[in-house]
Protein chains: 2
Amino acid sequence: MIAVNNMNERKKCILRAVTDDYIDTAEPVGSRTIARRYKLGISSATIRNEMADLEESGYLYQPHTSAGRVPSDKGYRYYVDVLLDPEEATEEDNKLIQQILGQQKEAMEKLVRRATKVLAELTDYISVAVIPEHRNATFRHLQLVSLDPNNILAVVVVDPGIVENKVIFTTKPFLPAELERISSHLNNKLRGLKVEELSGTILAEIRDSSPITKDLLECLLEIIDESLADTDEEKLICDGVLHLLEQPEFHDIDRTKLLLGMIEKRNNLVNLLSGLTYSSGVKVSIGEENLRPELKELSLVTATYYLGGQTMGTIGVIGPTRMSYGRAIGLVEEIAHALTDVLKSY
Amino acid sequence: MIAVNNMNERKKCILRAVTDDYIDTAEPVGSRTIARRYKLGISSATIRNEMADLEESGYLYQPHTSAGRVPSDKGYRYYVDVLLDPEEATEEDNKLIQQILGQQKEAMEKLVRRATKVLAELTDYISVAVIPEHRNATFRHLQLVSLDPNNILAVVVVDPGIVENKVIFTTKPFLPAELERISSHLNNKLRGLKVEELSGTILAEIRDSSPITKDLLECLLEIIDESLADTDEEKLICDGVLHLLEQPEFHDIDRTKLLLGMIEKRNNLVNLLSGLTYSSGVKVSIGEENLRPELKELSLVTATYYLGGQTMGTIGVIGPTRMSYGRAIGLVEEIAHALTDVLKSY
DNA sequence: GTTAGCACTCCTCTTTGGTGAGTGCTAAAA
DNA sequence: TTTTAGCACTCACCAAAGAGGAGTGCTAAC
């Protein structure tokens, strides 16, 4: 009780043992269990005393008086920051990841979708990802396809293989050839611009100088802008919900509902993950550290993936606070790397 | 016990009352409840006798000896086929549907996505939809966009606003102008063809007669073919899962898991719904009538939507067998109509 | 044919007591 | 001073038992 940091080696061992065991069994861990299962060379009584200290310092708590101990969020935090020896993804996992991601090239979104699926399968938790904000992207190509005289399909391609499309209805019919001309005109003007630069001035300039019908132009510009800004909905990818329901903490229906609600609503989660996009390395946030109430009893392990030095998006897993952090961190790190790798060739 | 069809008016009334009440309360319905709540002018004893008959004929059953009655699948079937007075979607619902679907034009998929969302919200059940098989579609346009010298983004547009895209990696660099030429060449050859006609012969012909590098051509054809066949995954749209969890029958976690499993796996559900695509009108399948075991205790109400007389896809709801069939049928019908309507202008 | 009455069934909810895992405290041993 | 054995105590968990109640089937009267 003298030291400021009252963590000695033995306490660390015990905290590690309790956490490991609880992660494994989901049952409160008693002193006898520790003494028996982890050969620390001390008796259960000693462990009991140490555990009482650990509880007083807030690393452990008892669900009720005569139960074993469970790590608190603070305990998990200490475990992750100090006690955990980082567990790299196994050779086998890596091979699977490489294989699935390297399979074939395709637009960004599907790639991330596949990554999310693998991650969910390997971790047995929910895996989520956000795909890049379009605002960071560069305008690449606009294609106008005539569906019939009054309907035009506009396909907009921006930098790393993102494709958006929308049907435009015009009262004034256009011939395919005209559309061709308009497309190429706009393409020349816009190609290579950052989407966020597609602001008033440039658009106005085009509007004034161009031989395009006002109506249609307005419409097109609106689409280019709006369809790129698009709703958040599109940007969240999620897989493996079923896994989490296998966990004993989700035998409680209300908790399940809360979680599914969050996933179905999407925007909250998107905002949260987008907010994490600019931190580097693997980020772990545990239980109460999460601001959103739906996540108060869950943990998030996330990492960022890049394209050409620029952050693209976030990918990670959501699991119970009783998460297998070592493995989760290793895998999230690996998948973010793999994703970044694949994207390099884009 | 003389009549072949032993359903008299009174029995019908009672079956309707039991079903209505059970749909409402999710509790087995007793004879006294019927007597009290539905003024049929007969005593509970009489109702009891009738209910015993109805049970013997298989329309009702008792969960246990001293409980009230619950409709069997056969009971629901009779209820839907005979007793239900079709309940049209209310003016208010219609307005909402029109408003949401009419909002703005865009590619098919997003439109159906919105329809599914509305349907889920109005019914409070799970809403699902499949979007059209690409195989029925007509090839419309191919666009090759150069991302960098070695990567080409191929965007394929088929008939009713479906867009597929894929990145092609080539060892041999192409200039944008070359791609332009290739695109237009292929477009001329392929435009207007049914996707299912894009088979060996035509492709072979193109291959022989064209001035395009073999490598790239192979790759392109493969993409046109494969990306249109694509995985089933893309085709299922689903919304409102949360609603169903509010239903008392889903307080049982295992059932919830079964359901979510089916939705997450997708293909089974897709196959099922695709199989329904060619029946006309609103189709109701109840409990055991469904072949998939995950749906044995659920009901499906589906309808088809059309484009130009051709069936496009299926949309509907999944709910407990204790579903509010009247409302569900009305709404599914309405949304399929609305969808067909909006698509008319495509 | 209908209804009142009644015995009977069986689910549901609550209570009770036993069991066991785990604790904290104390005093003895190291 | 630290560690350990011993012991009384706590409390969740479970099974058994009992009360209550909703609903039934059957019988006999209307």
Side-chain angles (χ1 to χ4, degrees), chain A residues 1-3 6-15 17-19 21-22 24-57 59-72 248-249 251-252, chain B residues 1-3 6-15 17-19 21-22 24-57 59-72 248-249 251-252:
Chain A
M1 280 298 180
I2 335 156
N6 44 12
M7 267 307 211
N8 57 33
E9 263 325 298
R10 195 166 67 188
K11 280 197 176 61
K12 288 184 186 174
C13 283
I14 291 174
L15 180 54
V18 170
T19 311
D21 206 78
Y22 186 67
D24 224 50
T25 64
E27 297 289 333
V29 187
S31 54
R32 238 184 76 82
T33 310
I34 300 283
R36 211 177 341 103
R37 213 169 298 178
Y38 304 78
K39 317 268 172 224
L40 303 183
I42 44 181
S43 77
S44 70
T46 310
I47 293 172
R48 235 171 2 252
N49 290 329
E50 295 286 31
M51 292 211 300
D53 291 354
L54 283 168
E55 176 159 13
E56 200 176 2
S57 324
Y59 295 105
L60 298 176
Y61 73 92
Q62 290 182 279
H64 56 264
T65 326
S66 68
R69 255 65 171 216
V70 170
S72 64
E249 23 274 275
H251 287 1
D252 174 17
Chain B
M1 276 301 177
I2 334 156
N6 43 14
M7 268 309 213
N8 56 34
E9 264 323 300
R10 196 167 66 187
K11 280 197 177 58
K12 288 184 187 176
C13 282
I14 290 175
L15 181 54
V18 171
T19 310
D21 205 77
Y22 187 67
D24 224 50
T25 64
E27 297 289 331
V29 188
S31 53
R32 237 184 74 83
T33 310
I34 301 282
R36 211 177 340 103
R37 214 168 296 178
Y38 305 79
K39 317 269 173 223
L40 303 182
I42 46 179
S43 77
S44 69
T46 311
I47 294 173
R48 231 165 11 245
N49 290 330
E50 296 285 32
M51 292 211 301
D53 291 354
L54 284 168
E55 176 159 12
E56 201 177 1
S57 323
Y59 295 106
L60 297 178
Y61 73 93
Q62 290 182 279
H64 55 265
T65 326
S66 68
R69 256 61 171 218
V70 171
S72 65
E249 24 273 275
H251 286 1
D252 174 18

Run the side-chain donor-acceptor check on residues 60-68 of chain B: report pairs under 3.5 Å with partners two or more places apart or on a different chain.
residue, atom, partner, partner atom, Å
Q62(B), NE2, T65(B), O, 2.8
Q62(B), NE2, A67(B), O, 3.0

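- For E249(B), the side-chain hydrogen bond (donor to acceptor under 3.5 Å, both in side chains) partners are R322(B), not counting sequence neighbours.
- Remark: P of dG25(D) and CZ of R32(B) are 16 Å apart, rounded to the nearest angstrom.
- Regarding E50(A), its CD atom lies at a distance of 17 Å from the P atom of dT1(D), rounded to whole Å.
- Applying the salt bridge (charged side-chain N to carboxylate O under 4.0 Å, His left out) criterion to E27(A), with sequence neighbours excluded, gives no partner residue.
- Between the axis at the start and the axis at the end of the helix from dG1(C)-dC30(D) to dA30(C)-dT1(D) there is an angle of 20°, using five pairs per end and rounding to 10 degrees.
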Between N or O atoms, less than 3.5 Å apart, protein on one side and nucleotides 26-29 of chain D on the other: list the pairs.
none

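- If you measure from atom CD1 of I42(B) to atom C1' of dA4(C), you get 15 Å, rounded to the nearest angstrom.
- Atoms CZ (R10(A)) and C1' (dT4(D)) sit 11 Å apart, rounded to a whole Å.
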Run the side chain to side chain contact (heavy atoms under 4.5 Å, CB included) check on R10(B) and L40(B) step by step: do they pass? CA-CA 9 Å; R10(B) 196 167 66 187; L40(B) 303 182; 6.0 Å; no

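- Taking only side-chain nitrogens and oxygens, T46(B) comes nearer than 4.0 Å to OP1 or OP2 of dT3(C).
- For the contact set between residues 33-41 of chain B and DNA chain C, defined by any heavy atom under 4.0 Å, there are no members.
- One atom, CD of E27(B), and another, P of dA22(D), lie 12 Å apart when rounded to the nearest Å.
- For M7(B) against L54(B), the heavy-atom pair with the smallest separation is CE-CD2, 3.7 Å.
- Applying the side-chain hydrogen bond (donor to acceptor under 3.5 Å, both in side chains) rule to pairs touching residues 29-40 of chain B yields D21(B)-R37(B), D21(B)-Y38(B), S31(B)-R48(B), sequence neighbours excluded.
- Across residues 61-72 of chain B, H64(B), T65(B), S66(B) each have a non-hydrogen atom less than 4.0 Å from an atom of DNA chain C (numbered order).
- By the side-chain hydrogen bond (donor to acceptor under 3.5 Å, both in side chains) test, S72(A) is found to be paired with no residue, residues two or more places apart in sequence or in another chain being considered.
- Rounded to whole Å, the distance from CE on M51(A) to P on dG22(C) is 9 Å.
- Phosphate proximity of dG22(C) to S31(A): absent, as no side-chain N or O sits under 4.0 Å from OP1 or OP2.
- When every heavy atom of P71(A) is checked against every heavy atom of Y22(A), the shortest pair comes out as CD-CD2, 3.7 Å.
- Counting heavy atoms from C-beta outward, I14(A) and I42(A) have side chains that approach closer than 4.5 Å.
- At whole-Å resolution of the value, CD in E55(A) and P in dG22(C) are 15 Å apart.
- Looking at residues two or more places apart in sequence or on another chain, you find a side chain to side chain contact (heavy atoms under 4.5 Å, CB included) between D252(B) and D254(B), R255(B).
- Remark: side-chain polar atoms of S43(B) are paired, donor with acceptor, to backbone N or O of A45(B) under 3.5 angstrom.
- Shown here are the salt bridge (charged side-chain N to carboxylate O under 4.0 Å, His left out) partners of K11(A), two or more places apart in sequence or in another chain: E50(A), D53(A).
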